[in-house]
Amino acid sequence: MPKDPEKRQRRNAAHDLEVVTDPVAAAPEAPAPPAGLLKRTRERWAAYWASPVARLADPVSDLPALERLFALYDDLERSNATVKRRGHMVTGSQGQAVLNPLLRHIQVTQGEVRQLEDRFGLSPRARLSLNVTLGEAAKSLADLNSDFTAGGEEDDDPRFDVVDGEVLDGAMLRTCGSASGGLFRETRRAYLPE
């Protein structure tokens with residue numbers, strides 16, 4: 001039988017919670033792109049700084065790594081254009097047909113780009129590893145606070161399904177310990193039918 005709610009004692013005292021104000025209202029101002037980038041890379045730079053993910057980046061301390069990432073993007077654009085123009089096979093030093101060495105360079109550069117993209121959450125999987133989903137990134141702090149302040153009924157708390165280790169959905173909950181006279185080195189819970 002569950003304990004009367006009036007007699008319940010909380011060992012984990014509730015703290016007064018406050019609504020948090022939004023410290024970052026908008027995406028940070030976009031720094032100037034590195035010099036010498038292609039137009040397409042500069043457009044990507046502006047698009048990055050306008051995205052919700054840019055809120056996670058520090059425009060000061062993260063800037064060198066972000067500049068390196070966009071320089072790599074630029075290098076990939078140029079390398080791919082050269083391979084497209086010259087082809088996958090080029091003439092080697094002895095006149096033989098060899099694989100274009102830029103293909104290996106592209107492959108290595110793509111690996112470096114992937115690592116930097118993961119650090120800055122530029123793919124869905126990277127955002128998940130940073131605990132940011134697209135919905136959360138777009139959700140404002142005001143929305144999160146409204147979810148918090150909406151509250152709920154105390155009876156909806158699943159922790160109240162088991163009160164004092166006695167009843168759980170009509171099944172008896174028995175706590176078993178070691179046979180050392182009440183010193184519980186290991187505690188096991190067994191759910192037994194009534």
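None of these values were measured; they are calculated from a predicted model.
Using a 4.5 Å heavy-atom cutoff, the side chains of Asp75 and His105 are in contact. With a 4.5 Å cut-off on side-chain heavy atoms, Glu67 and Pro34 count as touching. When side chains are defined from C-beta on, Gln110 counts as touching Ile106, because their heavy atoms get closer than 4.5 Å. Looking at heavy atoms from C-beta onward, Leu63 lies in side-chain contact with Pro31 at the 4.5 angstrom threshold.
Residues passing the side-chain hydrogen bond (donor to acceptor under 3.5 Å, both in side chains) test with Arg40 are Glu77, sequence neighbours excluded.
Taking OH from Tyr48 and CG from Leu69, the interatomic distance works out to 8.5 Å, rounded to the nearest 0.5 Å. Note that CD of Glu112 and CG of Leu76 are 9.0 Å apart. Values are rounded to the nearest 0.5 Å. Rounding to the nearest 0.5 Å gives a distance of 16.0 Å between CG of Leu56 and CZ of Arg119. Note: Arg68 CZ to Asp62 CG = 10.5 Å, rounded to the nearest 0.5 Å. Rounded to the nearest 0.5 Å, atoms CZ (Arg127) and CG (Asp118) are 11.0 Å apart. With values rounded to the nearest 0.5 angstrom, Leu66 atom CG is found 9.5 Å from Asp58 atom CG.
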Can you give me every donor-acceptor pair (side chain of residues 81-99, partner residue at least two apart or in another chain, under 3.5 Å) with its distance?
| unit_1 | atom_1 | unit_2 | atom_2 | d |
| --- | --- | --- | --- | --- |
| Thr82 | OG1 | Arg78 | O | 3.0 |
| Gln96 | OE1 | Gln94 | N | 3.0 |

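Both Val113 and Leu103 sit in one connected hydrophobic cluster of ILVMFWY residues. Membership requires side-chain heavy atoms under 4.5 Å apart, directly or through other members.
Of all heavy-atom pairs between Trp49 and Pro59, the closest is CH2-CA, 3.9 Å. Smallest separation of non-hydrogen atoms from Ala126 and Gly121: CB-CA, 3.8 Å.
Contacts classified as ring pair (Phe, Tyr, Trp, His ring centres under 6.0 Å) and involving residues 51-83 (residues at least two apart or in different chains) are given here: Trp45-Phe70, Phe70-Tyr73.
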